[in-house]
Amino acid sequence: MSAIYLDYAATTPVDPGVIEAMLPYFRDTFGNPSSIHSFGQQARSAVENAREKVASFLGAKPAEIIFTSGGTESNNFAIKGVAWANRKKGNHIVTSAIEHHAVMEPCHFLEREGFEVTFLPVDSRGFVDPQDVAKAITGRTVLVSIMHANNEIGTLQPVTDIGMIARERGVCFHTDAVQTFGHMPFTVGDLNVDLLSLSAHKLYGPKGVGALFVRQGTRLEPHMHGGEQEGKRRASTHNVPGIVGLAKAVELAEKAMAEEDIRIMALRNRLIRGIFDKIDRVRLNGHPEKRLANNVNVSMEYCEGEAMILSLDLMGIACSTGSACSSTSVEPSHVLRAIGLSVEETRGSLRFSLGRYTQEQEIDKVLEVLPRIVKRLRAMSPAYRSSAAVKGTGG
Ligand SMILES: *Cc1c(COP(=O)(O)O)cnc(C)c1O
């Protein structure tokens with residue numbers, strides 16, 4: 001068996017159909033969409049077709065889609081853009097304690113600029129309580145930003161309810177939908193959002209391209225200054241092949257989504273069941289049902305996540321501990337801490353994220369290899385040996 005990739009939440013391989021769709025825009029239709037000659041106009045029409053595709057998939061208007069360099073930029077643009085545009089109205093932002101770094105850090109940046117940010121706590125399964133959002137909003141609140149699904153533990157947030165509350169109070173509502181866009185069916189109307197971030201490389205498109213939905217009438221200060229692209233809202237020459245690739249990925253997702261969701265969820269459940277059957281002293285992080293169809297996040301007692309990752313990698317299996325962003329830092333995951341895990345418990349966590357190319361025999365391979373790795377690592381842990389002796393389980 002070739003290498004097994006179970007880190008789709010970090011990034012996905014580019015679908016061959018997406019690569020095919022992109023190639024002509026490197027070779028032949030390479031013009032700058034802002035040029036008025038035919039090279040430019042052909043590129044422009046590709047960008048506008050892509051905009052229509054993304055907009056219709058989201059139930060939005062084409063003019064409400066701004067292409068960006070990815071999820072991180074979309075989040076930065078939404079948060080800083082709304083905050084700066086509403087300075088006269090207020091200086092308060094409401095978000096959660098479990099957002100992606102691409103939301104947390106713009107919020108921390110704005111705190112240094114004098115904004116106040118409320119980081120709402122979540123319950124043990126990672127839910128934000130909409131009533132907490134209602135209580136946190138004040139007359140000075142300019143933005144609520146709550147992610148659609150968490151990238152580490154997969155919990156799906158009640159964004160529709162939160163959006164309703166924000167709208168009643170006249171506050172802008174942004175959601176980071178990078179993990180759900182192209183994976184679950186929804187429109188911006190369903191979610192009651194004013195702004196929504198998405199990224200191509202999480203749905204079998206290329207890296208470095210994404211979009212921000214901005215509801216008509218939403219005040220947003222540009223964060224990139226330069227040319228007049230994207231209706232003067234976001235300067236810089238369009239990433240034409242990337243934008244075409246994003247639209248193609250959306251088209252493929254539209255066709256595959258429903259079936260893929262069922263297939264992947266069955267594999268996910270097989271993996272969860274197998275882990276619980278074969279390994280003791282393990283917990284599932286997040287909610288058993290209200291979670292992404294492809295996400296498995298577990299904590300193993302007396303095992304280091306890093307050690308498990310490296311052992312799995314030697315066996316050709318790729319997954320992650322916490323999130324990819326924490327792979328170079330030793331800080332415990334802020335998400336796992338927020339759902340109540342101790343620092344010790346966060347260290348033994350693994351995230352498997354499944355996708356389009358995941359096969360049943362790959363899941364079975366993980367279920368064969370992982371218990372052996374856990375057993376070996378625990379055997380080397382003095383703390384496990386003494387606790388196992390006390391419990392009398394021995395193994
Ligand atoms: C991957 C991810 C991002 C960042 O998107 P990039 O396109 O990699 O910048 C933001 N939010 C969530 C929830 C993600 O999973």
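In each ligand, atom 1 is the first atom listed, and ligand 1 is the first ligand listed.
Annotation: atom 8 (O) of ligand 1 to nearest protein heavy atom, His201 NE2, 2.8 Å. Residue, atom and distance of the protein heavy atom nearest to atom 4 (C) of ligand 1 are Thr72 OG1, 3.6 Å. When hydrogens are left out, the protein atom nearest atom 5 (O) of ligand 1 is Gly71 CA, 3.4 Å; that is the closest non-hydrogen contact. Of the protein's heavy atoms, Ser199 OG, 2.6 Å lies nearest to atom 7 (O) of ligand 1.
Aromatic ring pairs are classed by plane angle as parallel below 30°, tilted from 30° to 60° and perpendicular above 60°; the pair Tyr357 and Tyr204 is perpendicular.
Put simply, the side chain of Thr160 gets close to the backbone of Asp190: a donor and an acceptor are under 3.5 Å apart.
The only member of Glu113, His223, Glu221 that meets side-chain hydrogen bond (donor to acceptor under 3.5 Å, both in side chains) when paired with Trp84 is Glu113.
You'll find the ring centres of His183 and Tyr8 outside the 6.0 Å limit.
For Lys202, every heavy-atom contact with ligand 1 shorter than 4.0 Å involves the side chain, none the backbone. Heavy atoms of Lys207 found under 4.0 angstrom from ligand 1: none, in either backbone or side chain. With a 4.0 Å heavy-atom cut-off, ligand 1 is reached by the side chain of Asp176 but not by its N, CA, C or O.
In terms of heavy atoms, Ser145 sits closest to Ile79 at OG-CD1, 4.3 Å.
Ligand 1 places these atoms under 4.0 Å from at least one heavy atom of Gly70: 7 (O).
The neighbour count for Gln131 CD, taken as heavy atoms of other residues, nucleotides or ligands under 6.0 Å away, does not exceed 12.
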